Amino acid sequence: MTIERVIKKAQEINPEIDTTIIKRAYEFAEKAHRGQTRKSGEPYIEHPLHTAFNLIQIRADLSTIIAGILHDVPEDTEYTIKDIKDKFGEDVANLVEGITKLGKIKYRGIERYRENLRKMFIAMVGDIRIVYIKFCDRLHNLRTLDALPENKQQRIAKETIEIYAPIAGLLGIWRIKWQMEDICFKYLHPKEYKQLEYKYEIEKKSERNQFFQRTKNVLEEELKKTNIQYEINARFKHLYSIWLKMQRKDRKFDEIYDVFALRVIVKNIEDCYKILGIIHTIWRPIPNRFKDYIAIPKPNGYRSLHTTIIGVDNKSTEFQIKTEEMHEESLYGLQVHWNYKEEIGDKEKPGWIKEILEIQKENKETKQLVQEITSTIFQNRIFVLSPKGDVIELPERATPIDFAYAIHTDIGNKATQALINEKIAGLDTELKNGDLVEIIIDKNRKGPNSQWLNSAKTKHAKERIKQYSQNKAMDKIKKMFHK
Ligand code: MN
């Protein structure tokens with residue numbers, strides 16, 4: 001990957017994009033990472049460039065692209081977030097800081113790690129662009145997984161398929177979800193992957209192409225009589241989804257494969273319904289297979305008309321009919337698409353997230369995640385990081401006192417000051433989502449200050465502080481009686 005390719009791609013998508021700043025970010029990152037190499041032996045800068053390229057492909061905004069180029073600088077080089085802020089402004093610096101914090105989650109056993117990662121992602125819902133950078137970073141790491149030892153490959157692939165991919169789906173970034181899943185599938189089930197790949201890509205390819213051509217010809221014959229502008233594509237089915245279907249329905253490849261899928265893309269919604277009408281007059285629709293996601297979009301915002309008909313050679317054939325805009329949204333996610341189109345404020349919590357939260361009906365894992373996101377947004381929980389890389393969940397406006405007691409009673413009792421994001425702060429300072437918090441203790445300290453009850457927000461911390469003074473009173477009474 002080269003910076004020229006990155007810039008060319010960025011201009012392809014947005015001809016007005018400021019390329020000098022992209023170039024400047026590259027020069028800075030290249031200098032910072034100079035001399036470093038990836039496990040594969042390539043110069044390190046390849047990785048941030050690929051990350052930026054992936055971000056451009058999902059239509060990320062300029063700050064996000066820049067942050068993608070700079071995302072590993074604070075963690076791996078001598079330059080700091082402050083350097084980035086001075087050179088590239090606060091917006092970019094905040095994004096890079098978010099990514100750096102995500103990287104601080106240390107791996108200490110799968111269960112704990114997964115929990116931490118999930119919480120951190122939830123914390124990042126506030127600025128979804130950080131999640132996008134993390135996804136694009138992970139996508140490139142997956143593509144270079146071969147350079148890592150097998151146990152690491154397995155761990156990363158598992159973690160991606162169990163945590164990253166469902167979140168990508170939840171956010172409607174199908175393009176990333178599919179790519180992640182197919183790469184992980186290859187590492188997690190290599191034998192099955194190879195078999196499916198052979199069948200789908202080689203054995204059945206020409207048959208599939210012929211069938212597509214014949215169906216297209218029949219449809220075009222009718223469409224020619226109208227003045228509708230359209231595009232007809234064969235729909236690529238990704239291997240992991242075929243495999244999942246085979247598992248779930250316990251069917252053989254041929255039964256699954258027998259469903260052919262086509263996509264018709266038109267200019268406006270009216271034409272979607274016209275095309276649907278035409279398809280239903282040519283072929284007999286299968287009952288209960290028609291779905292109008294334009295009138296009633298899916299909870300994540302997905303819009304399209306779906307129908308399955310008995311098509312050429314009596315084969316069941318699936319059609320998706322949508323506008324260009326709907327198609328783009330389904331590939332890149334609603335939020336990214338909007339960013340690029342209308343430059344809406346990124347920090348507002350978009351309404352569609354709330355909508356997802358209300359009605360999302362997916363698998364159990366996703367459901368649980370949705371509930372957690374809901375509670376973050378609506379009940380105002382925050383997540384902060386400990387120096388050991390654990391994520392601690394606290395109520396909004398919690399202070400280092402709550403944090404200290406959440407870690408350990410002794411830490412709470414002996415706390416004197418806090419370091420918040422590496423800066424000294426009082427114990428009554430309000431914490432924010434994603435803060436990195438460390439408690440400075442004084443070993444000689446006797447116990448908590450009763451004033452702390454005013455700053456503590458959690459029941460747990462308050463109880464411990466009260467308990468301490470009660471114990472102290474009890475001790476006094478005991479001593480009096482023993483005298
Ligand atoms: Mn990275």
Side-chain angles (χ1 to χ4, degrees), residues 1-3 5-6 9-10 22 25-58 60-61 63-81 83-84 87-88 92-107 113 116-117 120-121 123-124 127-149 152-153 155-161 163-165 167-168 173 175-176 179-180 183-184 187 336 385 389 434 436:
M1 181 62 63
T2 61
I3 184 62
R5 258 189 82 192
V6 170
K9 188 84 200 167
I22 298 181
Y26 162 74
E27 280 157 7
F28 179 71
E30 194 279 325
K31 195 175 140 219
H33 288 295
R34 198 173 291 164
Q36 297 174 349
T37 51
R38 298 266 294 167
K39 284 264 153 51
S40 59
E42 297 173 315
Y44 196 88
I45 191 69
E46 284 280 320
H47 167 67
L49 282 178
H50 274 282
T51 305
F53 193 85
N54 292 340
L55 281 165
I56 293 166
Q57 283 190 313
I58 61 163
D61 69 359
S63 294
T64 315
I65 298 167
I66 303 290
I69 297 177
L70 302 172
H71 81 272
D72 279 328
V73 165
E75 188 69 33
D76 299 336
T77 79
E78 60 190 38
Y79 294 93
T80 62
I81 301 276
D83 294 325
I84 290 175
K87 290 191 164 63
F88 300 97
V92 171
N94 286 342
L95 292 172
V96 176
E97 191 177 18
I99 283 294
T100 308
K101 276 179 184 157
L102 271 179
K104 284 203 162 60
I105 299 175
K106 299 272 154 43
Y107 184 80
Y113 182 76
N116 281 336
L117 196 64
M120 208 57 199
F121 267 124
M124 295 305 164
D127 194 342
I128 207 84
R129 296 176 300 169
I130 297 170
V131 178
Y132 291 135
I133 300 172
K134 189 69 201 167
F135 283 166
C136 290
D137 166 61
R138 172 54 56 105
L139 197 55
H140 181 244
N141 286 335
L142 287 173
R143 288 187 181 134
T144 50
L145 219 48
D146 270 340
L148 297 183
K152 262 197 153 176
Q153 290 175 352
R155 171 157 84 66
I156 292 172
K158 241 182 137 178
E159 168 191 311
T160 307
I161 220 158
I163 304 169
Y164 285 68
I167 297 176
I173 326 163
R175 190 191 163 99
I176 287 196
Q179 290 180 22
M180 281 181 173
I183 298 172
C184 294
Y187 285 96
V336 168
L385 264 171
L436 178 64

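We count ligands from 1, going down the list as the structure has it; atoms in each ligand are counted the same way. None of the values given here were measured: they were computed from a predicted structure.
With a cut-off of 2.8 Å, the Mn ion (ligand 1) has no N, O or S atom of His140 in range.
Put simply, the side chain of Thr64 never gets that close to the backbone of Ala60: no donor and acceptor are under 3.5 Å apart. Of the possible polar contacts, one joining the Gln36 side chain to the Asp76 backbone as a donor-acceptor pair under 3.5 Å is found.
Counting heavy atoms from C-beta outward, Arg138 and Arg143 have side chains that stay 4.5 Å or more apart.
The angle subtended at the Mn ion (ligand 1) by NE2 of His47 and OD2 of Asp72 is 90°, given to the nearest 10°. Around the Mn ion (ligand 1), the angle linking His71 (NE2) with Asp137 (OD1) is 80°, rounded to 10 degrees.
The minimum heavy-atom distance between Leu70 and Ala25, with the atom names listed, is CD2-O, 3.7 Å.
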